[in-house]
Amino acid sequence: MALQLFNTLSGKIEPLFASDGHALRFYCCGPTIYDYGHIGNFRTFLHVDVLRRTARLSGLALHHVMNITDVDDKIIRNAAASGKSIGEYSARFERAFFEDMDALGIERPEEIARATQNIPAMASLIERLAAQGIAYKTEDGSWYFRINRFPGYGKLSKKDLAGMEDGARVDLDEYDKDAARDFALWKAARPEEIASQAAWDTALGPGRPGWHIECSAMAMKYLGDSIDLHAGGEDLMFPHHENEIAQSEAASHKPFARHWFHVRFLLVEGKKMAKSEGNFFTLRDLLLKGYRASAIRFLLLSVPYRHQLNFTLDSLTESTNAVDRLRTFNRRIRNQAWPDQAPADDALLELIRKGDAGFTAALEDDLNTAEARAAVFDVLRAVNTAADQGNLSRMAAEQTLALLDKFDAIFAVLEDHDAEHTRAALAWAEAEDRLSQVAPEVLERFGAGSLTDAQIEALVAERTRAKQQRNFARADAIRKELLEKGILLEDSRQGVRWKRT
RNA sequence: GGCGCGGUACCCAAGUGGUAAGGGAGAGGUCUGCAAAACCUUUAUGCGCCGGUUCGAUCCCGGCCCGCGCCUCCA
């Protein structure tokens, strides 16, 4: 069974396929690097990541391009305010963006396309539109797209142009363009933009590209006139993606993207998480409060992409516990030797097989991550029960591990890298003089003077010796001391395990 | 006003025309030197409200109430 995915354009769930028979050519609108991203931004990239991983699970090869918008009004404004060029200003936010992507376990696309490195492609696309009279230049030297020359305008967002007549919301007199809905393709250079190195000399005249033309030009340059899939947050549907369609299809006279994928918003207290609302959390905020990167990933993926997710710190704690349970289970099954034979093995093997099939089927059914998760927990409980009763065979354990590997190829939370991401966030906070934002327990557990792994191991060994001598008072004292420093011990037949809480 | 989405147990959440997955939390229990982990039991005669279709609806249709998003930069 192939991956079935909701297509915003058709309004239906449709199979996703590579039209060239080789690789899925897909484009995802990336970040504008004027500031740190918040976790609402990353929700989109996380679900695009699951889409990537599921497509691969279904046998699709990928050619995924993501843009970086490294020139825009906010970048120009902030760069000017700090006396830097736009490149100097935005570099640190691009670095931070990829650090956050890594901490959240998001795979890199096959190609990253920076707007400022693709100006010629944008200029020539505008020239193609100008040659048809669809792009026109205004007195100040800017270029606009003439919407009434593209009859399909509104087909993606299902907007009726007749209901958006000129003058309805926009005062035409403020603009030097033919119709209020016409959107900017090229913005004529202003003096301060030349100072920030945010202007380019092209046949269109000095200036910089509009946001919409960036994506059209880069998608077509890297992936061709007609692409398989285009992804982004739901807010980009209109006008951004609508404008991309208009630009690309008006220029090429071919369908631009066959399949459109939109991820719905993350809410906070019932409202959209947004910079402008001030109700946002960055990944760094949360790591410095002591939440784990894996829990954030798991929470944001647990609600399917077509539903809004109301983010709360409580739900993040729940996710932490759920990830812990999965990790404990994974360690238990992976690190123990299981007998060749076990009673009731056929029934258990069948249950695992069903769980495995259910996991894949759920993902292939429009990326139903909630149901996929549930399939794994079903197996977890049954296998733990069998293991408790001595009824887990080596074969069943291997099948279980195969499912866990498949699960982790999508969810990517079983391997514990949380401490290193928290340490990195702490180092960043120190460098940025933001230590006041760090929760005390994070400082204690991960900051200077916190226990190293070797010190922990030594204490654990000392406690084991004390236990062997039946000096339980000393053993319990060590356990208590470690727990206060965020280290939880677990005794088992296979020895003592410890983990950070 | 136009377009789109949603209202399921204490919280998060899946789902189907035939009688409610899963996670978290709470309570009780088993196991263990004690813990932790794990397991067992337990928490919706009901899926926003009112009608309709049907042998039967949480799931289909109609109306209503509530919430969110887009219609302007925005993941």
Side-chain angles (χ1 to χ4, degrees), chain A residues 8 11 28-32 34 37-48 72-74 154 157-160 162-164 168-170 180-181 183 211 231-240 242 262-267 270-277 280 298-299 302-312 314-329 331-332 358 362 365 368-378 380-389 467 470-473 475-476 479-480 483 488-493 496-499 501:
Chain A
T8 310
C28 172
C29 291
T32 300
Y34 71 99
H38 59 66
I39 56 168
N41 300 127
F42 284 107
R43 185 185 192 209
T44 296
F45 302 119
L46 275 162
H47 281 278
V48 169
D72 94 313
D73 290 345
K74 292 193 196 80
S157 54
K158 318 287 187 274
K159 294 209 182 298
D160 184 1
M164 325 190 276
R169 293 191 49 127
V170 187
R181 284 279 163 188
F183 58 89
W211 176 40
E234 63 169 322
D235 54 329
L236 299 188
M237 213 161 86
F238 186 90
H240 184 56
E242 203 70 71
H262 290 104
V263 179
R264 299 214 65 195
F265 276 131
L266 189 66
L267 310 181
K271 301 282 182 196
K272 164 181 170 177
M273 180 178 285
K275 284 273 164 60
S276 53
E277 300 287 330
F280 62 94
F298 199 60
L299 173 61
S302 291
V303 176
Y305 78 96
R306 278 215 286 153
H307 295 272
Q308 292 171 335
L309 188 168
N310 193 15
F311 177 85
T312 63
D314 283 347
S315 59
L316 202 45
T317 302
E318 290 175 12
S319 271
T320 306
N321 294 339
V323 170
D324 260 342
R325 189 170 172 210
L326 287 161
R327 285 178 175 173
T328 302
F329 176 68
R331 278 201 308 268
R332 176 185 199 188
D365 179 14
N368 191 335
T369 46
E371 208 173 303
R373 242 186 79 136
V376 170
F377 276 103
D378 282 336
L380 177 149
R381 195 169 0 82
V383 170
N384 262 334
T385 301
D388 277 359
Q389 296 168 346
K467 267 178 62 182
R470 302 198 67 77
N471 183 356
F472 294 121
D476 289 353
R479 184 171 63 197
K480 187 158 176 269
L483 187 61
L488 182 72
L489 301 191
E490 268 177 41
D491 292 333
S492 76
R493 285 199 185 82
V496 185
R497 289 191 292 255
W498 62 269
K499 63 185 181 189
T501 57

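In what follows, every heavy atom counts, from backbone to side chain, and hydrogens, waters and symmetry copies are set aside. Naming convention: chains lettered A, B, ... in sequence-line order (proteins, then strands); numbering from 1 in each chain.
- The interatomic distance linking Arg306(A) (CZ) with G7(B) (P) rounds to 13 Å, in whole Å.
- Taking the side chain of Asn368(A) as heavy atoms from C-beta on, and the options A14(B), A75(B), C71(B), the nearest nucleotide is A14(B).
- With a cut-off of 3.5 Å on both pairing distances, C73(B) has no Watson-Crick or G-U wobble partner at all.
- For Asp314(A) against G24(B), no side-chain N or O and base N or O form a donor-acceptor pair under 3.5 Å.
- Mapping Gly270(A) and Ala322(A) onto RNA chain B by nearest heavy atom places Ala322(A) closer to the 5' end of the strand.
- Under 3.5 Å, the side chains of Thr312(A) and Ser315(A) contain a donor-acceptor pair of N or O atoms.
- The gap from the P atom of A21(B) to that of U54(B) amounts to 29 Å, rounded to the nearest Å.
- Between the P atom of C39(B) and the CZ atom of Phe377(A) lies a distance of 10 Å, rounded to the nearest Å.
- If you check distances only, the side chain of Glu318(A) does reach the base of G23(B) with a donor-acceptor pair under 3.5 Å.
- Closest contact between the side chain of Asp235(A) and the listed nucleotides A75(B), C39(B), G33(B) involves A75(B).
- Spacing between atom CZ of Arg470(A) and atom C1' of U32(B) amounts to 12 Å, rounded to whole angstrom units.
- In a base pair of the Watson-Crick type (N1 to N3 plus N6-O4 or O6-N4) or a G-U wobble (N1-O2 and O6-N3), with each distance short of 3.5 Å, A57(B) is matched with no nucleotide.
- Across all strands, Val303(A) comes closer than 4.0 Å only to sugar-phosphate atoms, never to a base (heavy-atom distances).
- Between the base of A35(B) and the side chain of Arg479(A) there is a donor-acceptor pair shorter than 3.5 Å.
- Across all strands shown, A35(B) forms no Watson-Crick or G-U wobble pair with both distances under 3.5 Å.
- Checking A14(B), A38(B), C73(B) against every side-chain atom of Pro239(A), the shortest atom distance belongs to C73(B).
- Here C70(B) presents its C1' atom at 12 Å from CZ of Arg181(A), a figure rounded to the nearest Å.
- Donor-acceptor pairing under 3.5 Å, judged by distance alone, is present between the side chain of Asp491(A) and the base of C34(B).
- Which of A75(B), A36(B), C39(B) sits closest to the side chain of Thr32(A) comes down to A75(B).
- The shortest distance between the side-chain N/O atoms of Lys271(A) and the OP1/OP2 oxygens of C68(B) is below 4.0 Å.
- A21(B): no Watson-Crick or G-U partner with both key distances under 3.5 Å is found in any strand.
- Under the Watson-Crick and G-U wobble criteria, each requiring two contacts below 3.5 Å, nucleotide A27(B) is paired to U41(B).
- As the counterpart of C5(B), G67(B) is assigned, both hydrogen-bonding distances of the Watson-Crick or G-U wobble pattern falling under 3.5 Å.
- In this structure, Asn384(A) and Arg332(A) have side chains that are in contact, with non-hydrogen atoms separated by less than 4.5 Å.
- For Ala374(A), counting side-chain heavy atoms from C-beta on, the closest listed nucleotide (C73(B), A21(B), G69(B)) is A21(B).
- Of the candidate nucleotides G15(B), C39(B), A37(B), A37(B) has the atom lying nearest to any side-chain atom of Thr328(A).
- Whole-Å rounding puts the Asp73(A) CG to U72(B) C1' distance at 13 Å.
- Both Ala475(A) and Asp72(A) lie near RNA chain B, and the one whose nearest nucleotide falls closer to the 5' end is Ala475(A).
- For U30(B) and A36(B), the P atoms lie 14 Å apart once the distance is rounded to whole Å.
- Screening Leu266(A), Val303(A), Leu267(A) for a side chain to side chain contact (heavy atoms under 4.5 Å, CB included) involving Asn310(A) leaves a single residue, Leu267(A).
- Residue Gln308(A) places its side chain closer to G69(B) than to any other of G33(B), G69(B), G22(B).
- For the pair Phe311(A) CZ and C12(B) C1', the computed distance is 13 Å after rounding to whole Å.
- Taking the ring centre of Phe238(A) as origin, the terminal cationic atom of Lys159(A) falls inside the region bounded by 6.0 Å and 45° from the ring axis.
- If you check every strand for non-hydrogen atoms under 4.0 Å, Leu266(A) touches a base.
- Atom OH in Tyr305(A) sits about 17 Å away from atom C1' in A13(B), given to the nearest Å.
- Among the atoms of the strands shown, none is found under 4.0 Å from any heavy atom of Ser315(A).
- Side-chain proximity of Leu488(A) to the nucleotides A36(B), A75(B), A38(B) is greatest for A36(B).
- Judged by distance alone, with hydrogens and angles left aside, the side-chain atoms of Arg43(A) form a donor-acceptor pair with the main-chain N or O of Arg264(A) at under 3.5 Å.
- In this structure, of A14(B), G2(B), G69(B), it is A14(B) that holds the atom nearest to the side chain of His307(A).
- Nearest to the side-chain atoms of Arg264(A) among the listed nucleotides A75(B), A37(B), C68(B) stands C68(B).
- Minimum heavy-atom separation, Gly358(A) to Ala375(A): C-CB, 4.1 Å.
- G7(B) and C47(B) have their P atoms separated by 13 Å, given to the nearest Å.
- If you measure from atom CZ of Phe238(A) to atom C1' of G69(B), you get 15 Å, rounded to the nearest angstrom.
- For Phe472(A) and G33(B), the ring-to-base geometry satisfies the stacking test (centroid distance below 5.5 Å, interplanar angle below 30°).
- Between G1(B) and A27(B), the distance separating the two P atoms is 48 Å to the nearest Å.
- Looking at every heavy atom in both residues, Ala475(A) comes nearest to Lys467(A) through CB-CG, 3.7 Å.
- With a 4.5 Å cut-off on side-chain heavy atoms, Asp73(A) and Tyr34(A) do not count as touching.
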